[in-house]
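Quick note: numbers below take in every heavy atom, side chains included, and nothing from hydrogens, waters or symmetry partners.
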Number of protein chains: 2
Amino acid sequence: MPTVKDVASRAHVSPGTVSNVLTGKRPVAPATRERVLQVIEELGYHPNILARSLINRRSDTIAVVASGLEYFGPSQAVTGIEREADRHGYSVILELIPWLDRGQTNRALAMLAGRQVDGIIWAVPEISDNRDWLNDEDFDRLPPIVFMSMAPRPGIYAVAAGNRHGAWLATQHLIERGRTRIGHITGPADWWEAQERRAGWEEALAEAGLPCEESQVFVGDWYASSGEIGLNELLRRHRDLDAVFAGNDQMALGVLRAAHLAGRRVPQDLAVAGFDNLHESAYFWPPLTTVNQDLKAVGGEAVRRLNSLIEARLAGEPAPALEVNSHRPEVRARGGVVGLARPRA
Amino acid sequence: MPTVKDVASRAHVSPGTVSNVLTGKRPVAPATRERVLQVIEELGYHPNILARSLINRRSDTIAVVASGLEYFGPSQAVTGIEREADRHGYSVILELIPWLDRGQTNRALAMLAGRQVDGIIWAVPEISDNRDWLNDEDFDRLPPIVFMSMAPRPGIYAVAAGNRHGAWLATQHLIERGRTRIGHITGPADWWEAQERRAGWEEALAEAGLPCEESQVFVGDWYASSGEIGLNELLRRHRDLDAVFAGNDQMALGVLRAAHLAGRRVPQDLAVAGFDNLHESAYFWPPLTTVNQDLKAVGGEAVRRLNSLIEARLAGEPAPALEVNSHRPEVRARGGVVGLARPRA
DNA sequence: TTGTAAGCGTTATCAC
DNA sequence: GTGATAACGCTTACAA
């Protein structure tokens, strides 16, 4: 692999001049410049960015630590992150770790610090106590971090979609269509996002003065199978159930299946709403009403925040203030609910 | 950020000794070793991997260049790649580019070469002429590359799932169940994978002596909507159509919808098979028979190949011989086809 | 405008 | 077993 020296000697200039041509930080005579550029072309020279980073004390690299990339949410978020990172001139290191593994957390952090990433986006969802490490971590020794999908905490930069609000919207949507006995199938109880969605469902019911008891809730595991089991269980408990809000579209799909098998017509006998707006959900049978979160946009927002943290730290300024995140979910109303005209979005 | 020097002076040793403790390449006295380790702990020191790479001429980083990470296939593949890369001690740089953009291709390649990645996995599907750049690229100037989802070519390392075989299996499955008028909804005609799947469908029909004409084919775009349109069109052309093989599960989902709306019972009147085995497909209504490709495994295989190429180049050995890739798809038979017992897998 | 030299944080080579 | 010293490939004062 050719180096600056190779280029320099072949172009009869000094390495410094080659550098100046490349970075454009100092003026170079047009003639020399041309000559250098030509040699670069001839040699197929690419400046070694690692060496450059060593001097600049900046790697132009950010890391995204995520889990479950094979599923919808994370794949959307990472896509949005990569796109925005690219726009800001960052390369992205992708680090996939298990949802709950303290050892991996520390190893990943150490590795990324060693790789001199300029910042980190922590896109592992908050589950159980997998955020405890925040308490005994010294953030001054780490690059700036922006978190996704976690409960807000003082001193921590977090970006999230409006889980609670989205769930509220979906439930509200069911209520507006005259449903009064509305069940909920949640994600795993130790997931923050599942808790938020449940809270949104509860709030909407409370505001409408509708019943909201533990018996209306079935705790699922995000998978379709738990939606199927869940609906059967809820129907056993409440024969008059007329609607279900599922914590995600996969579980809603399981609900649809259980409803078909139980001979309940959707939406006439049972209205169903999901959460996520999977690509496929508009083609479920019947099409599923669901909540759209623009996770790509949330990922992009995380990158912009991270970038401002990075710039601030480099400039020696204090970190910019936390702002409330403004990503609003929206209901994608489809045939799944009676009397529905067209999408609100 | 502390450096080796800081650690060295505080532990009253030389930088070289600290390095020896860290790399373990030369013996260090237990006492000194202990002392150094303690200082490292105290200071929260992480060796600068960029500086290390500069000397080692090895970054322990591979890049994956992909497209459409928000969709099922790429997200599976990248997940498998990251996992296996991790196992081999590589970090992964994720570079997302549009499917068809020559400029982006060159920019990505130049950038990755500059970042000194040890190897590249090119996971952008082959579409139209988006592989033409291979002809005028000088591979000696680039890190080793392993390609996914592309037609085999001499001198190129490629790994792919068995698209053709999978399509053959699915069609065969329909034939075995007595279907004789089998249509096909393809992906976009300029996608290599769509061509392969179509070829598999054709082969199975030919072997069975069944009709296989242009009129049985509808060219879709991978999305569910094109499956719906496609079935309507195929039914218009062939009133006796008794089965459809869709090029992916999303289009199969559209087919299901069209069948419902047209009053054709699935599978009694119309058998449907898809391709991909989406998480959700077992819960479609009715459950979809589809082809399972283990794309995570294919991704893992790509990493192992790449690793052997990297090792070989570093050792100055010739690149290891190409082997035929052995990833076999399998049919996931579900209720979508008449008379089916249970999954073959 | 250009060349020279120092230094970024490591590791490898060579003495001791 | 340990300590100086010289690289790795680049950028940037400082001179010229």
Side-chain angles (χ1 to χ4, degrees), chain A residues 1-37 39-40 43-61 110-118 141 143 314, chain B residues 1-37 39-40 43-61 110-118 141 143 314:
Chain A
M1 289 283 136
T3 74
V4 256
K5 282 190 179 176
D6 300 322
V7 175
S9 69
R10 186 145 172 188
H12 308 295
V13 293
S14 75
T17 302
V18 175
S19 175
N20 292 335
V21 170
L22 251 19
T23 64
K25 292 185 183 172
R26 312 239 156 252
V28 176
T32 6
R33 181 191 166 70
E34 211 48 54
R35 196 149 28 93
V36 169
L37 251 23
V39 172
I40 286 176
L43 261 41
Y45 166 75
H46 300 295
N48 185 326
I49 301 189
L50 269 36
R52 178 180 290 174
S53 303
L54 206 51
I55 296 193
N56 293 345
R57 314 170 136 255
R58 167 155 199 172
S59 64
D60 291 314
T61 302
M111 190 274 276
L112 296 174
R115 284 200 182 262
Q116 312 298 115
V117 298
D118 296 331
R141 283 180 179 175
L314 248 50
Chain B
M1 290 281 135
T3 73
V4 257
K5 282 189 180 176
D6 300 322
V7 175
S9 69
R10 188 144 170 191
H12 307 295
V13 293
S14 75
T17 301
V18 175
S19 174
N20 292 337
V21 169
L22 252 19
T23 64
K25 291 186 183 173
R26 310 241 156 252
V28 176
T32 4
R33 181 191 168 69
E34 211 48 54
R35 194 148 31 94
V36 170
L37 250 23
V39 172
I40 286 176
L43 261 43
Y45 166 76
H46 298 294
N48 184 327
I49 300 190
L50 269 38
R52 178 180 289 175
S53 303
L54 207 50
I55 294 196
N56 292 345
R57 302 158 152 274
R58 167 155 199 171
S59 63
D60 291 313
T61 303
M111 190 275 274
L112 295 174
R115 283 199 183 264
Q116 311 300 113
V117 299
D118 295 332
R141 284 179 177 175
L314 248 50

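Heavy-atom nearest nucleotides on DNA chain C were determined for A:Ser14 and for B:Asn20, and the one closer to the 5' end corresponds to A:Ser14. The 5' end of DNA chain D is approached more closely, in terms of each residue's nearest nucleotide, by B:Gly16 than by the other of A:Ala51 and B:Gly16. Mapping B:Pro15 and A:Lys25 onto DNA chain D by nearest heavy atom places B:Pro15 at the nucleotide closer to the 5' end.
Among the nucleotides C:dG9, C:dT11, C:dG7, the one closest to any side-chain atom of B:Ser19 is C:dT11. The side chain of B:Leu54 lies closest to C:dG9, out of C:dT11, C:dG9, D:dG1. Nearest to the side-chain atoms of A:Thr23 among the listed nucleotides D:dT11, C:dT1, D:dT2 stands D:dT11. With D:dG1, D:dC10, C:dT1 as the candidates, the nucleotide lying closest to the side chain of A:Tyr45 is D:dC10. Proximity note for B:Ala29 (side chain, C-beta onward) versus D:dG1, D:dC8, C:dT2: the nearest is D:dG1.
One can place CZ of B:Arg26 at 7 Å from P of C:dT13, the figure rounded to the nearest angstrom. Nucleotide D:dC8 holds its P atom 20 Å from the NE2 atom of A:His46, rounded to whole Å. Here C:dT13 presents its C1' atom at 11 Å from CD1 of B:Ile55, a figure rounded to the nearest Å. Regarding B:Leu50, its CG atom lies at a distance of 15 Å from the C1' atom of C:dT11, rounded to whole Å. Distance, A:Asn56 CG to D:dC10 C1': 9 Å, rounded to whole Å. As a whole-Å value, the separation of B:Leu22 CG from C:dT10 P is 9 Å. Whole-Å rounding puts the A:Arg58 CZ to C:dG9 P distance at 17 Å. What separates CG of B:Asn48 from P of C:dG7 is a distance of 18 Å, to the nearest Å.
A distance of 8.5 Å separates CG of B:Leu112 from CD1 of A:Ile49, quoted to the nearest 0.5 Å. Here B:Gln116 contributes atom CD and B:Arg57 contributes atom CZ; the two are 9.0 Å apart, rounded to the nearest 0.5 Å.
Remark: B:Ser53 is not in phosphate contact with D:dC8, judged by side-chain N or O atoms under 4.0 Å from OP1 or OP2. Contact annotation: A:Arg52 side-chain N/O to C:dC8 OP1/OP2 distance is not under 4.0 Å.
Within residues 3-13 of chain A, the residues that place at least one heavy atom under 4.0 Å from DNA chain D are, in residue-number order, A:Thr3, A:Val4.
For A:Arg26, the CZ atom counts as loosely surrounded, since its 6.0 Å shell holds 12 or fewer non-hydrogen atoms of other residues, nucleotides or ligands. Other residues, nucleotides and ligands contribute more than 12 heavy atoms inside 6.0 Å of the CZ atom of B:Arg35.
Heavy atoms of A:Val28 sit under 4.0 angstrom from primed sugar atoms or phosphate atoms, though from no base atom.
Counting only N and O atoms by type, the side chains of A:Arg115 and B:Thr61 include a donor and acceptor under 3.5 Å apart.
The two atoms that bring B:Tyr45 and B:Thr3 nearest to each other are CE1-C, 3.6 Å, heavy atoms only. Of all heavy-atom pairs between B:Ser14 and B:Ala8, the closest is C-CB, 3.7 Å. In terms of heavy atoms, A:Leu50 sits closest to B:Ser59 at CD2-CB, 4.2 Å.
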